[in-house]
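A quick write-up on the structure given underneath.
Lettering follows sequence order; numbering is per chain, from 1.
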Amino acid sequence: MSSEPTPSSSGPESFPHRYSAALAGRIEALWQDRWDLVDAYRAPNPGEAGFDGSRPKKFVLDMFPYPSGVGLHVGHPLGYIATDIYARYLRMTGHNVVHAMGFDSFGLPAEQYAVQTGTHPRITTEKNIANMRVQLRRLGLGHERRRSVSTTDPEFYRWTQWIFLQIYHAWYDVEAGRARPIRELEAMLASGERAPRGEKPWSVMSALERASELDAHRLAYVDEVPVNWCPMLGTVLANEEVTADGRSERGNYPVYRRPLKQWIMRITAYAERLLQDLEPLDWPEPIKLMQRNWIGRSEGAEVEFGVPDTKGAQSIRVFTTRPDTLFGATYVVLSPEHALVDSIVTQEWPAGGAIPAPWRGTFPGAPQGGFTSPKNAVAAYRAYASKKSDEQRTGGGTEKTGVFTGAYAINPVTGKQVPIFIADYVLAGYGTGAIMAVPAHDDRDFEFARTLQLPIRDVVYPRPIAAMRYFALHAYPTGEAAPDWRDQLADFMGITTSNASKDEAWDVMLPIVLNRRSRAGAMRGVELDAPGSIGERRGAVRSIWVETIDSLGLRSFDDLRARFEEARFWEARGEAHTEPGIAANSSGPSITIDGMTTGAAKHAVGEWLAREGVGRPTVTFKLRDWLFSRQRYWGEPFPIVYDEWGRAHALPEKMLPLLLPDLEDFRPESSDDPDAPPRPPLARASAWTTVELDLGDGKRTYTRETNTMPNWAGSCWYYLRYLDPTNQNALVGKDVDSYWMGGTSGKIGGVDLYVGGVEHAVLHLLYARFWHKVLFDLGHVSTAEPFQTLFNQGYIQAFAFKDARGVYVDAFEVRLPDGALAMEHQDKPGPYTYSGEPVTREYGKMGKSLKNAVAPDEICAHYGCDTMRIYEMAMGPLEASKPWNTRDIAGSFRFLQRVWRNLIDEQTGLSRVTQDAPTRATLRVLHKTIIGVRRDMEKLGFNTVVSKLIELNNHLSELPAVPLEAARAMILMLAPHAPHVSEELWHRVVRGGTPDEREARETIVHEAYPIADESLARDDEVEIPVSVLGKLRSKIVVPAGSSAVVIEAAARADAKIAELIAGKEIKKVIVVPGKMVNFVV
RNA sequence: GGCCCCGUGGCGGAAUGGCAGACGCAGCGGACUUAAAAUCCGCAGCCCGUAACUGGGCGUCCGGGUUCAAGUCCCGGCGGGGCUACCA
């Protein structure tokens, strides 16, 4: 940075009032103090003094930061600057705007930083928050101070705990489609309106049984489930916090699946609504898609496969999205963890050795020739599978493994026996943890069947193959088609007719027969090879097809027929056919679906299953319930205690907040032993964990829950607290909520603009929607969704440099061959050197660890924060990721300097605008700019706003002196982007005198934004391009608003055009008034 | 493997289907200056031609298509990025 050309080098003596970095700094400090003093950003709530309910409201929100110890780099505030500009614009256009900033200060980062520095997290958190406040204030961000919250503040987390209790005391009424208080369920059970899940009626249940019946319905519940246990972090993690290769998102430590007793939130109850309510939200489509994928709704059916040999004739319930392929289910697979495995596995291999060898076990570690009994094989395979999932599942080509259980199930539709396997490609957590395998029509089943030598049966054919099959089996069932069967088949398929629908059949059939993925590609190949008439093309198609038949090994008609009779067409194809088609080989004793399309067949089988009582159509979701407890210190304590029998009791509201106890040693117990048990740090606070309470039945001794909540808890609802930060009676007052969150018509979400990075697409944004919906159902908030409009800002990226060992080096010391600093000349390619050693450049994130971070404080000191704000916006569209280039900042700085110089005398510091009225031309430029800038502001196009203001200023700088009217409008338009210099100019130029003479409240923050006069923006005459045959040939000038007739006449009169069209027949003339003329000759 | 997004000068980027490259950085030329910085004015996609121009051609990753007109819409390919990954 030291080699930056110093912008203030002109020296104060020559231009004492030039807009230098030093002057910018003074102006910025002055106005930041003054804005604080007058509470400039205060937005009164309904009922408060100064509230004006006639103005429309806007809630502009940032994803709040966690206060890290390392400080900000210039990438962090990008979104904050954008929302600040937008909020300032909205204030100036007559809106009540709530805009605040809080701190997400519980959780792993704060705790890890505390552990590193050996300081209590409360201390480090407070210090970091204070630090961050200073950094953010320095950027001139107009946040309302009184609304700032911190999730670690007991007055805040009191309500986090309160919301937890609301969720705990609620259940999901599926019929009503919403959450309801648990006591309503209790009342319904007591009155007999609802029956308990089991056999036993409510009236004869013991208190304990009743409690557990209720517990089973709660939206927050305790359960022992396989969870992601990370011994190095000493905590369990949510699925969302584990990366694809089985490591922790934070710290990248190994994660193991372990069954542990944990708090869980029943987010799955909301799966359907979380999916449906995405539709009306104004969110980026990719984010919606990511949420849809995460929720993962799939329609299908459950099917019962009876297992007759077991005691009590149990059955295996499988889930399939393809019930139409039930006839092709040639085996059943359970996940290794499936509950039924133990009861079905047999002592001996059945039928004394008649089973294929691979069924006995061929997975790594299995003995040569397989195991001696299913029992051994299953036990060994289970051990193998659980160990395997412990290691990171190295992505990609995973060999299918599994073993036969010795047992058979009955395919309900065929009545035939199918073998039951266990295999780890079936997941315990999805669907029913068991599948029916249809190898002919599922890639995974196909692979497994090939490996274990299981039967494969085609039951769905692509349409053309279905037609071939019909030809083979029915049109010429006895083989009389030979020897010219291929021609006959061609005729049968319609190649020689001119029927259009047959052409269409070809389009579909050919690529499939050719086994090509790309239909259009295949067709083009044919078209290119076959010039001439349709008939000739068909001839070419036919010969290609005949060749194809040969290449598939179909030597004779009988061959073809045999292939279809045995339902082994997959052999020729060599892979599963997973696309829809026509059902075949699908006739059973009580149902046939042969000839049906896949859609119709699904429906028919679903109905049949329900009718026969062996299944039903169902919907399954990928979304799992949300693991909500962590074995960490720095989190919200659960307002839960356990009695001597280990039953959970909720604390009453009046005992909130339940304070996090101070601990000497707050460190988690980390271990590299995967079997180390979780030990929450709070368990060591013995004085805290054991407590005497009266929960309604006298004083008793209880033990507190020692887990804490995940750091998502606070971020699930913080935006609501911004609205009513000091409310003692509710998390947010009803009037306050309905005003600020209140939906405009057609909107279901409350926040009008929410800006943040994509990394929260499925974590924070899904959890927050879930909590908000529960609060909505229980009547605590007025909108069904929290965030109506979401905007994903891009990232500021940067170059980083690595030496030969792969270690990052200080990017700002890397040099080019000519000795220049590489970061100052980013458009120059290498080679690069660092202390004489060669280094390589890479492009990506900015960060301390990459040694390429630029701190906003540096930039503010060097240019002022207004310049930094302008630059960050001018870099490009907000949603795009773009490279930081310190050198480019000069352009933004020069822009502000030129604005200043245009309006202020650099010698005297006084205004140099003129009171003269602006010329027609200046007014035109001005009002065009207002129109354009307003349009860009509305769509968050802050980069093009800067361009337009530069253009306006460039125009004004050509004038001898800037007219006041134009200066005034330009200052107002500049105010959202560069509030400090605009405020200063406002006072010096528009209001006159020095700032100190002004009554403090009259700040530009609440001035009205300029309004364009369309008539002034209109041109007198316009230049119109004239093209001939789409090529630009000349330009004409006509009065604005000329009719098409006038424009065309002028275009014909143009010398050059006249020459070009002379003697040619003009087929068509396109005239778009005000835009262009095109002659088609 | 599946799904999604993106490819425009030396660089960041503009462009409701209607003059591609606004605006800025870097660059070049000039003015001012003893000189430099700063500032101001001008040039600037590539190729060819001209004394000059308001001259000609090619240009938004590549190949097709739709259209009077395509950076923009459609199909196919190549390249880059993101998400997801045995979800039955």
Side-chain angles (χ1 to χ4, degrees), chain A residues 5-11 14-15 18 244-245 284-287 289-290 292-294 296 298 300 318-322 325 333 393 395-398 400 423-427 429-438 442-445 447-448 518 520-521 524 620-624 758 761-762 824-829 870-871 874-877 880-885 887-892 894-895 897-898 901 906 935 941 943-944 946-951 954 957 1023-1032 1034-1035 1055-1056 1067-1072 1074-1081:
Chain A
T6 308
S8 54
S9 60
S10 51
S14 48
F15 296 109
R18 171 162 289 186
D245 54 350
E285 204 49 44
I287 301 295
L289 195 67
M290 282 164 72
R292 279 189 208 110
N293 289 343
W294 192 265
S298 56
V318 304
F319 174 72
T320 178
T321 54
R322 291 293 299 275
T325 61
V333 188
R393 283 201 305 260
T398 42
K400 293 278 180 296
D424 65 0
Y425 82 92
V426 174
L427 307 177
Y430 182 74
T432 60
I435 61 153
M436 64 179 216
V438 186
D442 181 277
D443 291 325
R444 296 150 303 184
D445 296 344
E447 207 188 312
F448 188 76
S518 153
R524 170 153 39 255
T620 299
F621 295 91
K622 274 203 275 187
L623 184 71
R624 312 295 156 78
V758 263
V762 284
E824 306 272 329
H825 302 273
Q826 300 194 351
D827 48 334
K828 298 219 175 79
I870 295 271
Y871 171 64
M875 284 172 79
S881 288
K882 51 241 158 185
W884 178 266
N885 191 355
R887 193 203 274 203
D888 285 353
I889 301 171
S892 299
R894 287 204 276 256
F895 162 53
Q897 267 189 328
R898 281 200 303 271
R901 192 179 299 124
E906 293 188 322
R935 194 174 49 226
N943 53 328
T944 46
V946 175
S947 299
K948 288 183 171 76
L949 291 178
I950 292 174
E951 285 177 287
N954 285 350
S957 68
E1023 192 183 55
I1024 293 180
V1026 183
S1027 31
V1028 178
L1029 273 175
K1031 262 196 193 321
L1032 176 69
S1034 186
K1035 290 174 184 177
K1056 198 159 169 209
K1067 297 197 184 98
K1068 205 169 175 183
V1069 185
I1070 315 285
V1071 182
V1072 182
K1075 288 277 189 204
M1076 47 69 62
V1077 181
N1078 189 15
F1079 289 94
V1080 185
V1081 294

Contact string for nucleotides 20-25 of chain B, one letter per nucleotide 5' to 3', B = base within protein heavy-atom range under 4.0 Å, S = sugar-phosphate only, - = neither, reads --BSSS

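B:U33: no Watson-Crick or G-U partner with both key distances under 3.5 Å is found in any strand. Pairing for B:G79 is with B:C6, a Watson-Crick or G-U wobble pair whose two hydrogen-bonding atom distances lie under 3.5 Å. Partner assigned to B:U66 is none, using Watson-Crick or G-U wobble distances below 3.5 angstrom. B:C43 is paired with B:G27 under the criterion used here, namely a Watson-Crick or G-U wobble arrangement in which both key atom distances are under 3.5 Å. In this structure, B:A85 forms no base pair with any nucleotide, since neither Watson-Crick nor G-U wobble geometry is met with both distances under 3.5 Å.
Within 4.0 Å of A:Ser881, counting heavy atoms only, lie sugar-phosphate atoms of the nucleic acid but no base atom. Nucleic acid contact for A:Ser957: none, since no nucleic acid atom lies under 4.0 Å from a heavy atom of the residue. Nucleic acid contact class of A:Val426 (heavy atoms, under 4.0 Å, all strands): base.
Per the geometry, CD belonging to A:Gln826 stands 10 Å off P belonging to B:G12, to the nearest Å. With rounding to whole Å, A:Phe319 atom CZ is found 17 Å from B:C86 atom P. Look at NZ on A:Lys882: it is 14 Å from C1' on B:A14, rounded to the nearest Å. A:Tyr430 has its OH atom 14 Å from the C1' atom of B:U84, to the nearest Å. At whole-Å resolution of the value, CD1 in A:Ile287 and P in B:U84 are 11 Å apart. Atom NZ of A:Lys1067 and atom P of B:U67 are 15 Å apart (whole Å). Atom pair A:Met1076:CE and B:A69:C1' shows a separation of 6 Å (rounding to whole Å applied). Going from atom CD of A:Glu906 over to atom C1' of B:A38 covers 10 Å, rounded to whole Å.
In this structure a side-chain-to-backbone donor-acceptor pair under 3.5 Å is present from A:Ser1027 to A:Val1077. Remark: side-chain polar atoms of A:Lys882 are paired, donor with acceptor, to backbone N or O of A:Ala880 under 3.5 angstrom.
Distances shown here put a side-chain N or O of A:Lys1031 below 4.0 Å from the OP1 or OP2 atom of B:C58. For A:Lys1056 and B:G56, the shortest distance from a side-chain N or O to OP1 or OP2 is below 4.0 Å. Distances shorter than 4.0 Å separate some side-chain N or O of A:Lys1068 from OP1 or OP2 on B:C68.
Nucleotide B:G24 carries an anti base; the chi torsion (O4'-C1'-N9-C4 or O4'-C1'-N1-C2) is more than 90° from 0.
Across B:C19, B:A88, B:G13, the shortest atom-to-atom separation from the side chain of A:Pro1025 is found for B:C19. Listed candidates were B:C40, B:G12, B:G18. Nearest to the side chain of A:Arg901 is B:C40. Between B:C86, B:C19, B:C68, one nucleotide has an atom nearer to the side chain of A:Lys400 than all others, and that is B:C86. Side chain of A:Asp424, nearest nucleotide from B:C4, B:A88, B:C86: B:C86.
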Verify side chain to side chain contact (heavy atoms under 4.5 Å, CB included) between A:Tyr871 and A:Asn885, making sure each step is shown before the conclusion.
-> CA-CA 10 Å; A:Tyr871 171 64; A:Asn885 191 355; 4.0 Å; yes

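One distance of note links CG of A:Leu949 with CD1 of A:Ile870; it measures 7.5 Å at 0.5 Å rounding.
Remark: the separation of the C1' atoms in B:C78 and B:G64 is 15 Å, to the nearest Å. The C1' atoms of B:G17 and B:C73 are separated by 8 Å, rounded to the nearest whole Å. B:G63 and B:G9 have their P atoms separated by 16 Å, given to the nearest Å. When the C1' atom is compared between B:A31 and B:A37, the two are found 16 Å apart, to the nearest whole Å. Between B:G45 and B:A20, the distance separating the two P atoms is 13 Å to the nearest Å. When the P atom is used for both B:G21 and B:U50, the distance is 26 Å, rounded to whole Å. B:G65 and B:G57 have their C1' atoms separated by 25 Å, with the value rounded to a whole Å. Rounded to a whole angstrom, the distance from the P atom of B:C11 to that of B:C46 is 12 Å.
Minimum interatomic distance between A:Gly1030 and A:Asn1078 (heavy atoms only, all atoms of both residues): N-OD1, 3.0 Å.
Stacking of A:Lys400 on the aromatic ring of A:Tyr425 is recorded, both the 6.0 Å distance cut-off and the 45° axial limit being met.
Taking the charged nitrogens against the carboxylate oxygens, A:Glu906 and A:Arg18 do have a contact shorter than 4.0 Å, which makes a salt bridge.
Residue whose closest nucleotide on RNA chain B sits further toward the 5' end, between A:Gly1030 and A:Asn293: A:Asn293. For the pair A:Lys1075 and A:Ile1070, both in contact range of RNA chain B, the more 5′-proximal nearest nucleotide belongs to A:Lys1075.
Every residue was checked against the ring pair (Phe, Tyr, Trp, His ring centres under 6.0 Å) condition with A:Phe1079, not counting sequence neighbours, and none meets it.
Using a 4.5 Å heavy-atom threshold, the side chains of A:Thr325 and A:Met436 count as touching. The side-chain heavy atoms of A:Tyr430 and A:Ile435, taken from C-beta on, include no pair separated by under 4.5 Å.
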